[in-house]
Enquirer: 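First the structure, which I've put down as structure tokens, then a few questions once you've had a look.
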Amino acid sequence: GIATTGGTFTGDVIYQGPNANIEFDVSNDAMEVKDNARIIIGNGDDMILYHDGTNHIDLWNNTYITNKQTNGYTFLEADNGSGSPTAYVTLNGATGEVQLSHYGSQKLATKSTGIQTTGTVNVNGAYTLPTSDGSANQVLTTDGSGAVTFADAGGGAEAYTRDTKT
């Protein structure tokens, strides 16, 4: 029989449920949570770890971590409002990029040289940068209300004059 107080198991231990199993596999020294078994954390089911056999982990309420092992991508996905998961964060193992998306549309990506954005860049709600380059010799200028644009560089008064009397 099984000890009711204390005790040591020396072989595999399988917790068998009606739809899923959890096993401690002695040969692997691993707790194996089989497909469709859930790990529930917190008194109010605050976090649920769940794997359904499709390369993603359901964290809670349609928020997923998806791992595409064939091409090195890992995605953090959440419900996009229509009941379908959409990638909001993409880790690209092939290029090293981290991509941030808004409802599945990429807006920012890290590159080996810095970052690349798609769309407008708003700085602290105070400035919106232009989405295209200006012409040669133009400078960035602001209207004092947050609009930043390219304009021709203005010529100011010379800071000094040369004395031509000799």
Side-chain angles (χ1 to χ4, degrees), residues 13-25 28-154:
V13 177
I14 299 172
Y15 300 92
Q16 190 171 15
N19 299 309
N21 296 335
I22 297 175
E23 173 182 359
F24 185 82
D25 185 336
N28 288 336
D29 280 332
M31 177 68 73
E32 298 175 359
V33 179
K34 302 299 183 180
D35 291 348
N36 300 313
R38 298 171 188 268
I39 299 173
I40 300 173
I41 302 169
N43 292 338
D45 298 349
D46 301 325
M47 182 177 193
I48 299 172
L49 297 175
Y50 168 67
H51 184 276
D52 65 2
T54 61
N55 287 333
H56 76 261
I57 300 169
D58 186 348
L59 296 176
W60 183 79
N61 197 22
N62 294 325
T63 300
Y64 305 98
I65 295 174
T66 302
N67 186 21
K68 304 287 187 186
Q69 296 176 350
T70 56
N71 56 17
Y73 284 89
T74 300
F75 303 96
L76 178 58
E77 300 178 326
D79 186 338
N80 64 6
S82 68
S84 298
T86 298
Y88 288 90
V89 178
T90 303
L91 308 175
N92 184 331
T95 65
E97 289 183 7
V98 176
Q99 301 160 347
L100 302 179
S101 298
H102 183 264
Y103 284 115
S105 178
Q106 183 179 314
K107 298 297 178 184
L108 185 137
T110 62
K111 304 285 186 181
S112 62
T113 57
I115 63 168
Q116 176 68 46
T117 63
T118 302
T120 60
V121 175
N122 183 290
V123 181
N124 295 328
Y127 305 104
T128 300
L129 298 177
T131 57
S132 60
D133 195 6
S135 300
N137 300 319
Q138 285 190 316
V139 296
L140 285 173
T141 184
T142 179
D143 65 359
S145 297
V148 178
T149 57
F150 284 98
D152 292 329

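The chain is numbered in sequence order, starting from 1.
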Enquirer: Could you tell me the separation between the CD atom of Gln116 and the NZ atom of Lys107, rounded to the nearest 0.5 Å?
Expert: 12.5 Å

Enquirer: Any chance you could measure Ser105, atom OG, to Tyr88, atom OH, to the nearest 0.5 Å?
Expert: 11.0 Å

Enquirer: Just to verify, which of Leu129, Ile115, Leu108 counts as forming a side-chain contact (heavy atoms from CB on, under 4.5 Å) with Val121?
Expert: Leu129

Enquirer: Let me confirm one number: the CG-CZ distance from Leu91 to Phe75, rounded to the nearest 0.5 Å.
Expert: 9.0 Å

Enquirer: To the closest 0.5 Å, what do you measure between OG1 (Thr117) and CD (Gln106)?
Expert: 10.0 Å

Enquirer: Thr131: which residues meet the side chain to side chain donor-acceptor pair (under 3.5 Å) condition with it, sequence neighbours left out?
Expert: none

Enquirer: Locate the shortest heavy-atom distance separating Ala87 from Thr90; write the atom from each residue and the value.
Expert: CB-OG1, 4.1 Å

Enquirer: Taking atom NZ of Lys111 and atom OG1 of Thr95, what is their separation to the nearest 0.5 Å?
Expert: 7.0 Å

Enquirer: May I ask you to decide if Tyr103's main-chain N or O and Ser101's side chain share a donor-acceptor pair within less than 3.5 Å?
Expert: no

Enquirer: Any idea which heavy atoms bring Val148 and Leu140 closest together, and the distance?
Expert: CG1-CD2, 3.8 Å

Enquirer: Please list, chain by chain and in numerical order, all residues satisfying side-chain contact (heavy atoms from CB on, under 4.5 Å) with Asp25, sequence neighbours excluded.
Expert: Asp12, Glu23, Ser27, Asn28, Glu32

Enquirer: Quick one: does Asn124's side chain have a donor or acceptor within less than 3.5 Å of a partner on Ala126's backbone?
Expert: no

Enquirer: Are Leu100 and Val89 side-chain neighbours, meaning at least one heavy-atom pair lies under 4.5 Å?
Expert: yes

Enquirer: Search all heavy atoms of Phe150 against all heavy atoms of Pro130 and return the closest pair with its distance.
Expert: CE1-CG, 3.8 Å

Enquirer: Just wondering, more than 12 heavy atoms not from Asn137 lying within 6.0 Å of its CG?
Expert: no

Enquirer: On a heavy-atom basis, which atom in Ala37 and which in Asn21 lie closest, and how many Å separate them?
Expert: CB-O, 3.9 Å

